[in-house]
Amino acid sequence: MYKFPKDFLWGSASAAYQIEGAYNVDGKGMSNWDHFVRIPGKTFKGTTGDIAVDHYHRYKEDIALMAEMGLKTYRFSIAWTRIFPTGNGEINQKGIEFYQNIIDECLKYGIEPMVTIFHWDLPQALVDQYNGFESEKIVDDFVNYAKTLFKVFGKSVKYWITLNEQNIFTSLGWLTAQHPPGKFDDQKMFYQVNHHAFLAHAKAVLAYREMGFDGMIGASFAYTPSYALDCNPINAMSKMNYDDLKNYWWLDVYAYGEYPIAAMKYLEKKGVAPVVSQEDKEILKKAAKEINFMGVNYYQSCVCEYNPLDGVTPYGTMNTTGKKGSAQVTGVPGLYKNPQNQYLKTTDWDWTIDPLGLTYLCREITSRYRLPIIISENGLGAFDKLESENKIHDIYRIEYIREHLKALSQAIDEGCEVLAYCTWSFTDLLSWLNGYQKRYGFVYVDRNEETGSLSRYKKDSFYWYKEVIETNGEKL
Ligand code: BGP
């Protein structure tokens with residue numbers, strides 16, 4: 001009944017800081033996250049990724065579980081600080097070895113490695129030297145790092161994601177102060193930082209081609225598609241404003257190499273537009289022609305309603321506690337606000353559950369950009385319970401993923417080219433702002449503080465996804 005392409009990449013995703021642990025082992029340098037989590041009050045109950053789920057030492061066990069499940073692709077990120085402990089300079093061979101082992105282990109089982117070059121853990125040395133992405137100097141260091149990865153792993157890795165969720169790490173870093181560098185409402189810098197990140201992405205893409213590789217390369221964007229509250233034209237306009245500022249600002253640059261016109265005008269009037277040179281424009285345009293897919297991380301959709309000039313501000317409180325109903329409405333005065341969608345249920349962290357939103361965004365990408373799509377993340381964060389005999393009955397997760405896969409198959413049926421679907425995540429891992437209580441995995445990790453066992457247990461969803469893969473999605 002449900003159809004997926006013959007060579008569809010059924011996958012799962014992770015990120016170095018959230019899974020590896022071993023934060024100071026084998027020559028690894030300190031990252032901005034290693035630093036940030038040590039500032040009191042920054043993370044949920046002071047949780048760190050120092051140990052995380054110790055994937056660094058247990059990767060063989062984890063990848064064997066992936067193979068048992070039949071995973072076709074494993075998306076993971078490389079910790080820049082393992083390769084270049086201080087961001088540039090001499091290569092740390094131990095870091096290369098670790099990722100070579102992961103790649104080899106995947107290939108041994110026929111699992112396609114999909115590598116994210118940057119999933120938020122920036123060498124702290126580059127922050128100390130020039131404030132990381134705030135300086136254009138980041139571009140050369142990022143490209144040097146990316147080229148090193150292409151050179152060493154380029155023959156065995158065919159799928160590359162330059163940046164993970166540029167829109168999120170910059171928003172939480174410079175607007176809401178929840179991620180490093182923990183700055184609040186620095187809009188001018190926010191847009192400049194993004195421009196540097198776009199250039200880093202673009203130059204890495206161009207370098208990949210110049211080095212003669214013909215693999216697949218693109219960026220992953222946290223896409224929150226939007227619906228107008230109703231047919232009141234002022235609400236329809238608020239949706240357009242939202243999309244320009246919150247979605248197309250990134251998607252258009254990746255796909256066309258151009259910023260959305262109305263949003264740029266708006267930012268110029270506010271005096272916070274980025275400085276973009278003619279040369280930059282050419283680089284962005286050239287790189288846009290070279291990307292092979294749009295990577296999408298999809299968790300929720302939103303509603304747009306007109307927001308008066310004296311209306312709600314952008315920085316409401318995010319629910320990081322798992323107590324339903326603690327998130328606040330956010331918006332940009334004069335443009336839009338995002339009230340709750342009364343038709344949709346939410347997770348314990350107030351994220352709307354909207355499978356059809358996945359069909360919607362695939363259709364939108366297909367018609368606006370005509371690009372193949374990789375769903376690089378999608379999943380449900382929940383409080384899981386370890387029952388007797390080490391069972392975890394996560395029917396809610398099965399239900400969530402099943403509905404999203406049905407929606408994805410609808411998008412495919414309607415003509416969208418979807419190459420891969422990666423759940424977030426394979427094993428449980430660290431949630432940046434929610435510690436270890438918010439679980440996403442198919443594999444439960446027992447972080448029992450007393451036993452410290454970190455044992456792995458398969459959840460019900462593990463067996464279910466295994467069957468989905470076996471039947472290529474026919475049996476959802
Ligand atoms: C995405 C990130 C992931 C992961 C996921 C779940 O934004 O790319 O790294 O954390 O969201 O988010 P959370 O842990 O906040 O629930």
Side-chain angles (χ1 to χ4, degrees), residues 1-2 10-14 18-19 44 47 52-55 58 61-72 74 298-300 319-325 344-355 358 375 377-409 421-431 434-476:
M1 192 166 135
Y2 300 102
W10 298 96
S12 213
S14 73
Q18 296 175 279
I19 190 172
F44 180 76
T47 351
V53 296
D54 200 28
H55 181 68
R58 295 168 197 243
E61 182 187 350
D62 291 342
I63 297 173
L65 282 165
M66 292 175 200
E68 180 187 333
M69 183 189 246
L71 226 57
K72 305 285 182 209
Y74 172 42
Y298 175 62
Y299 290 93
Q300 55 179 333
N319 175 353
T320 55
T321 59
K323 283 196 194 88
K324 260 190 190 236
L344 299 175
K345 293 202 174 107
T346 58
T347 71
D348 287 335
W349 280 265
D350 295 324
W351 295 17
T352 56
I353 302 174
D354 179 18
L358 185 55
I375 303 300
E377 282 179 34
N378 173 239
L380 175 68
F383 294 104
D384 291 339
K385 199 160 163 242
L386 187 60
E387 311 262 7
S388 59
E389 291 170 9
N390 298 325
K391 299 267 190 257
I392 304 96
H393 303 300
D394 57 342
I395 324 121
Y396 37 90
R397 182 167 293 108
I398 295 176
E399 188 60 22
Y400 180 100
I401 299 175
R402 176 190 286 129
E403 292 310 308
H404 282 79
L405 283 174
K406 285 183 187 168
L408 194 60
S409 109
Y421 172 81
C422 296
T423 64
W424 185 264
S425 53
F426 184 73
T427 63
D428 290 336
L429 38 68
L430 171 71
S431 170
N434 312 281
Y436 294 92
Q437 52 163 0
K438 190 179 188 185
R439 294 171 181 270
Y440 279 93
F442 291 127
V443 174
Y444 186 94
V445 178
D446 185 7
R447 281 192 43 101
N448 185 321
E449 275 159 30
E450 278 151 40
T451 60
S453 75
L454 294 171
S455 299
R456 274 66 170 148
Y457 302 115
K458 291 171 241 174
K459 303 181 191 178
D460 288 357
S461 57
F462 179 100
Y463 301 100
W464 173 79
Y465 197 57
K466 182 176 192 299
E467 214 178 317
V468 169
I469 299 174
E470 268 162 18
T471 61
N472 201 34
E474 261 173 48
K475 221 175 151 188
L476 283 177

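Source: prediction; values computed, not measured. Throughout, numbering of the chain's residues begins at 1 and tracks the sequence.
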*Carefully, step by step, assess N472 and W10 under the rule side chain to side chain contact (heavy atoms under 4.5 Å, CB included).*
CA-CA 8 Å; N472 201 34; W10 298 96; 2.9 Å; yes
*Is there side-chain contact between L405 and Y2, with heavy atoms separated by less than 4.5 Å?*
no
*Considering only heavy atoms from C-beta outward, does the side chain of F426 approach that of L65 to under 4.5 Å?*
yes
*Is the closest side-chain heavy-atom distance between L71 and Y465 below 4.5 Å?*
yes
*asked:* Ignoring hydrogens, what is the shortest heavy-atom contact between S425 and S12? Give both atom names and the distance.
replied: C-OG, 3.4 Å
*asked:* Can you confirm whether K475 sits close enough to V468 that some side-chain heavy atom of one is under 4.5 Å from a side-chain heavy atom of the other?
replied: no
_Less than 3.5 Å apart, any donor N or O on the side chain of D446 or S455 sitting next to an acceptor on the other?_
no
*Work out which heavy atom in A13 is nearest to a heavy atom in E377; give both atom names and the distance.*
CB-CG, 4.4 Å
*Between N434 and F44, is there a donor-acceptor pair closer than 3.5 Å when you use the side chain of the first and the backbone of the second?*
no
*Backbone N or O of D354 within a donor-acceptor pair of the T352 side chain at under 3.5 Å?*
no
*Could you give me the CA-CA distance, side-chain angles and deciding distance for Y400 and N378, then say whether side chain to side chain contact (heavy atoms under 4.5 Å, CB included) is met?*
CA-CA 10 Å; Y400 180 100; N378 173 239; 3.5 Å; yes
*Which one of Y440, Y444, Y396 satisfies the side chain to side chain donor-acceptor pair (under 3.5 Å) criterion with D384?*
Y396
*For atom NZ of K385, is the number of surrounding heavy atoms from other residues, nucleotides or ligands below 6.0 Å larger than 12?*
no
*asked:* My understanding is that only residues two or more places apart in sequence, or in another chain, count here; which of them pass side-chain hydrogen bond (donor to acceptor under 3.5 Å, both in side chains) with H55?
replied: D62
*Under 3.5 Å: donor-acceptor pair, side chain of R397, backbone of D460*: no
*asked:* Going by side-chain hydrogen bond (donor to acceptor under 3.5 Å, both in side chains), name the residues that satisfy it together with W424, two or more places apart in sequence or in a different chain.
replied: none
*asked:* Do I353 and T347 have side chains that approach each other closer than 4.5 Å (heavy atoms only, starting at C-beta)?
replied: yes
*To the nearest 0.5 Å, tell me how far K466 NZ sits from T471 OG1.*
11.5 Å
*Quick one: sort the H404 and Y298 rings into parallel, tilted or perpendicular, breaks at 30° and 60°.*
tilted
*List the atom of L429, the atom of S14, and the distance in Å for their closest heavy-atom pair.*
CD2-CB, 3.9 Å
_Atom of G325, atom of N319 and distance for their closest heavy-atom approach_ = N-ND2, 4.5 Å
_From I401, I392, I398, residue fulfilling side chain to side chain contact (heavy atoms under 4.5 Å, CB included) relative to F442_ = I401
*What pair of heavy atoms forms the shortest contact from F383 to D348, and how long is it?*
CD1-OD2, 3.4 Å
_Going by salt bridge (charged side-chain N to carboxylate O under 4.0 Å, His left out), D428 matches just one of K459, R447, R456. Which one?_
K459
